[in-house]
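In what follows, a single structure is set out as structure tokens and then discussed.
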Amino acid sequence: MSARDTFRAPKGTRDLLPPESGRQRAALDRFAALASRYGYGEIVSPMFEDLAVFQRVGESTEIVGKEMFELVTKGEGETRLALRPELTASVCRAFAQHRPATPWKVFYQGPQFRYERPQAGRYRQFTQVGIEALGPDDPMLDVEVITLGRRFLDSLGLTRVTLLLNTLGDPAGRPAYFAALREYLSDRRTELSIQSQTTLETNPLRVLDSKRAEDADVISGAPLMVDHLSAEAAEHFAAVRAGLDQLGIGYEISPRLVRGLDYYLRTTFEFAAESLDTAQNAVGGGGRYDGLVEQLGGPPTPGVGFALGVDRILLACDAEAAFDGPPEAVDVFVIDLTDGTRALPIIDEIATAGLAADRAYDNRSMKAQFKAADRSGARVAVIVGDDEVAAGTATVKDLATGDQAPVVRADLLSALRKQLT
RNA sequence: GUGGCCGUAGCUCAGUCCGGUUAGAGCACCGCGUUGUGGUCGCGGAUGUCGCGGGUUCGAAUCCCGUCGGUCACCCCA
């Protein structure tokens with residue numbers, strides 16, 4: 001690390017190199033395929049938006065308040081932009097802009113950006129996959145969304161992820177609950193931590209989410225939303241639970257589960273990885289955000305969705321020894337004993353035909369080329385030397401057994417296909 | 001923004017407490033053992049301004065100060 005002038009990836013970012021990058025690629029592909037099967041189409045929205053798009057999401061949230069990467073544009077007036085810290089706001093902005101027919105069901109994948117101090121499972125640039133479903137108010141849609149998230153985690157082989165479920169009530173029941181909560185917390189505010197006392201001013205609900213030990217007592221006695229639901233919200237929540245029960249999807253009611261974004265109401269949920277012993281064990285979360293589209297200038301439109309953190313999910317896969325990702329090995333390794341030019345058309349032919357091939361360079365010795373062939377993981381080697389050239393053949397060798405035989409050059413591809421089946 | 005721990009070869013680390021000739025190991029890499037046959041094995045090889053700067057000392061990877069970076073935690077969240 002004689003890193004005198006060596007550049008490094010910026011703090012909180014990292015390079016994904018093979019084979020780890022292939023693993024992430026496979027996870028993203030798997031998610032896209034799954035979402036498609038539930039009727040979701042992909043939305044590709046900009047990496048940055050007008051700063052105000054995110055500010056509408058909630059001024060009192062950490063994400064908006066202090067974790068945004070803001071961009072300064074040159075000579076374009078007053079435009080203030082920010083790298084997206086999450087995608088729900090972008091999706092709702094896109095909905096308000098294009099007014100697609102509902103139900104509008106989209107999935108997304110890509111990097112998000114938050115300016116925070118990095119630590120285990122927390123990066124300044126991190127990758128999320130997610131879905132958003134806009135239009136229907138139907139609790140069956142909540143169930144579908146949650147199910148899709150659960151199935152994705154299942155498909156990776158994760159078994160130790162708990163689904164935490166809660167409801168934050170609806171506009172009919174929230175004011176009364178908020179008043180009760182605020183009154184309770186205010187009465188006992190001196191018992192709260194300094195930070196929670198501040199939080200109480202901006203968003204009393206989030207005080208319930210404090211993990212500080214000194215707050216535990218107060219929080220445990222606080223009134224709960226589930227006890228103050230409107231009839232409608234209670235019914236919605238019951239329907240969501242019944243739907244999950246019907247599918248056999250397990251969950252844990254978590255009455256103090258509060259999500260980090262202010263726009264959530266009614267159903268909220270979180271996927272917690274029990275296998276991660278780091279401080280960040282939430283691998284995903286979501287809920288309903290029925291007022292958000294309207295806040296962004298669109299028609300009143302209910303919405304529900306989730307975002308999953310791919311980086312953390314892969315950490316959980318490590319912890320559970322799940323989801324290795326695809327093998328890196330090529331099918332064929334071409335060993336050229338002439339001057340290296342004979343391998344060129346062979347590789348081209350093999351790759352064009354849909355098989356994977358690799359070779360050595362710089363006129364390495366035969367021994368070195370065989371070593372490279374071993375390392376490539378190829379099952380078969382094709383050897384071309386002066387003898388083969390003179391005879392119009394290529395030698396096909398099974399690298400596991402050592403068996404080899406010459407084949408007429410024109411028959412090489414079919415011989416390889418046969419070897420590899 | 002606050003705090004703990006850590007920076008020695010490409011990687012993982014020993015050496016640092018009790019300063020002392022050319023700074024080590026394993027893995028990985030390259031070559032040879034076989035001028036048409038690899039994986040194993042054997043032999044050999046290359047690679048470090050010991051994060052950076054300053055200080056103490058006859059002498060600093062080692063002690064002191066500063067600084068940068070990494071990491072973990074708080075906070076918050078994916």
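Numbers restart at 1 for each chain; the letters A, B, ... are given by sequence-line order, proteins then strands. Keep in mind that the numbers below use all heavy atoms, side chains included, and drop hydrogens, waters and symmetry copies. Predicted model, so just to flag it, every value in this text is computed and none were measured.
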Check: Leu148(A) and Leu34(A) side chains under 4.5 Å, non-hydrogen atoms: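 Yes; the side chains approach each other to less than 4.5 Å.
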
Beyond-backbone contact of Phe237(A) with Pro139(A), side-chain heavy atoms, under 4.5 angstrom: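 No, too far: nothing below the 4.5 Å cut-off.
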
Between [N] ([atom2]) and [X] ([atom1]): distance, integer Å:
X         : N       : atom1 : atom2 : answer
Phe107(A) : rA78(B) : CZ    : P     : 20 Å
Gln280(A) : rU71(B) : CD    : C1'   : 13 Å
Phe306(A) : rC77(B) : CZ    : C1'   : 17 Å
Glu20(A)  : rC11(B) : CD    : P     : 18 Å
Arg375(A) : rC27(B) : CZ    : P     : 15 Å
Phe113(A) : rA78(B) : CZ    : P     : 16 Å
Tyr115(A) : rC76(B) : OH    : P     : 19 Å
Arg364(A) : rC29(B) : CZ    : P     : 10 Å

Is there a Watson-Crick or G-U wobble partner for [N] with both distances under 3.5 Å, and if so, which one is it?
N       : value
rG1(B)  : rC74(B)
rG26(B) : rC11(B)
rG48(B) : none
rC41(B) : rG33(B)

Does [X] reach a base, just sugar-phosphate, or nothing at all? Heavy atoms under 4.0 Å.
X         : answer
Thr278(A) : sugar-phosphate
Ala368(A) : sugar-phosphate
Glu116(A) : base
Phe271(A) : nothing

Is there any ring-ring contact (aromatic ring centres under 6.0 Å, His included) pair reaching into residues 126-161 of chain A, and which pairs are they, with sequence neighbours excluded?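 Sorted pair list: Phe31(A)-Phe152(A).
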
Which pairs with one or both residues in residues 316-350 of chain A pass ring-ring contact (aromatic ring centres under 6.0 Å, His included), sequence neighbours excluded?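 For residues 316-350 of chain A, and leaving out neighbouring residues, there are no ring-ring contact (aromatic ring centres under 6.0 Å, His included) pairs at all.
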
Which nucleotide sits closest to the side chain of Ala282(A): rC30(B), rA73(B), rA78(B)?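 From the listed options, rA78(B) comes nearest.
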
Interatomic distance at [atom1], [N] relative to [M], whole Å:
N       : M       : atom1 : value
rU12(B) : rG7(B)  : P     : 12 Å
rC18(B) : rG54(B) : C1'   : 25 Å
rU34(B) : rG53(B) : P     : 49 Å
rC52(B) : rA23(B) : P     : 15 Å
rA14(B) : rC32(B) : C1'   : 30 Å
rC6(B)  : rG31(B) : P     : 40 Å
rA60(B) : rC17(B) : C1'   : 15 Å
rG24(B) : rA46(B) : C1'   : 16 Å

On the side chain of Gln119(A), is there an atom forming a donor-acceptor pair with the base of rC75(B) - under 3.5 Å, no angle test?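 Indeed there is one.
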
Donor/acceptor link under 3.5 angstrom from Arg122(A) side chain onto base of rC75(B):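 In this structure, the two groups form a donor-acceptor pair.
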
Would you please test Leu87(A) and Ile43(A) for side-chain contact (heavy atoms from CB on, under 4.5 Å) and show each step? CA-CA 10 Å; Leu87(A) 261 169; Ile43(A) 177 171; over 6 Å; no

Sugar-phosphate atoms are those with a prime plus P, OP1 and OP2; base atoms are the rest. Using that split, label each nucleotide of nucleotides 32-41 of chain B B, S or - for protein heavy atoms under 4.0 Å, 5' to 3'. BB--BBBB--

Kindly state each residue pair satisfying side chain to side chain donor-acceptor pair (under 3.5 Å) with at least one member in [range], sequence neighbours excluded.
range                       : value
residues 342-365 of chain A : Glu349(A)-Arg409(A)
residues 139-158 of chain A : Tyr40(A)-Glu144(A), Lys105(A)-Glu144(A), Asp142(A)-His236(A), Asp142(A)-Thr267(A), Asp142(A)-Arg288(A), Arg151(A)-Asp154(A)
residues 306-326 of chain A : Arg14(A)-Asp311(A), Arg23(A)-Asp318(A), Thr159(A)-Glu320(A)

Set of residues satisfying side chain to side chain contact (heavy atoms under 4.5 Å, CB included) with respect to Glu191(A), sequence neighbours excluded: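 With sequence neighbours excluded, Glu191(A) shows a side chain to side chain contact (heavy atoms under 4.5 Å, CB included) to Arg188(A), Val218(A), given in chain and number order.
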
With Lys11(A) via side chain to side chain contact (heavy atoms under 4.5 Å, CB included) - residues at least two apart: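 Side chain to side chain contact (heavy atoms under 4.5 Å, CB included) check on Lys11(A) returns Pro118(A), Arg124(A).
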
Name the residue from Arg93(A), Arg80(A), Arg84(A), Arg56(A) that meets the salt bridge (charged side-chain N to carboxylate O under 4.0 Å, His left out) definition with Glu49(A).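 Answer after filtering Arg93(A), Arg80(A), Arg84(A), Arg56(A): Arg93(A).
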
What protein N or O atoms touch nucleotides 2-4 of chain B N or O atoms at under 3.5 angstrom, if any, and at what distances?
residue, atom, partner, partner atom, Å
rU2(B), O4, Arg117(A), NH1, 3.2
rU2(B), O4, Arg117(A), NH2, 2.9
rG3(B), O6, Arg117(A), NH2, 3.3

Tabulate protein N/O versus nucleotide N/O from nucleotides 67-70 of chain B, keeping only pairs under 3.5 Å, one per line.
residue, atom, partner, partner atom, Å
rG70(B), OP2, Lys11(A), NZ, 3.2

So which of residues 310-329 of chain A are in contact with RNA chain B, with a heavy-atom cut-off of under 4.0 Å?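 Arg312(A) - these, ordered by number, are the residues of the stretch whose heavy atoms sit under 4.0 Å from the strand.
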
Is the number of heavy atoms from other residues, nucleotides or ligands within 6.0 Å of OH (Tyr38(A)) greater than 12?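 Count over threshold, so yes.
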
Neighbour count >12 (heavy atoms, 6.0 Å) for atom OH, Tyr251(A):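 More than 12 heavy atoms, drawn from other residues, nucleotides or ligands, come within 6.0 Å of this atom.
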
Checking Arg379(A) now: which residues fulfil salt bridge (Lys or Arg N to Asp or Glu O under 4.0 Å) with it, not counting sequence neighbours?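 If we apply the salt bridge (Lys or Arg N to Asp or Glu O under 4.0 Å) test to Arg379(A), skipping adjacent residues, there are no hits.
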
Please work out which of the three classes, parallel, tilted or perpendicular, describes the rings of Phe95(A) and Trp104(A), given edges at 30° and 60°.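 It falls in the tilted class, 30° to 60°.
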
Arg241(A)/Asp245(A) ion pair, N-O < 4.0 Å: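 Judged by the 4.0 Å cut-off on N to carboxylate O distance, Arg241(A) and Asp245(A) do not form a salt bridge.
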
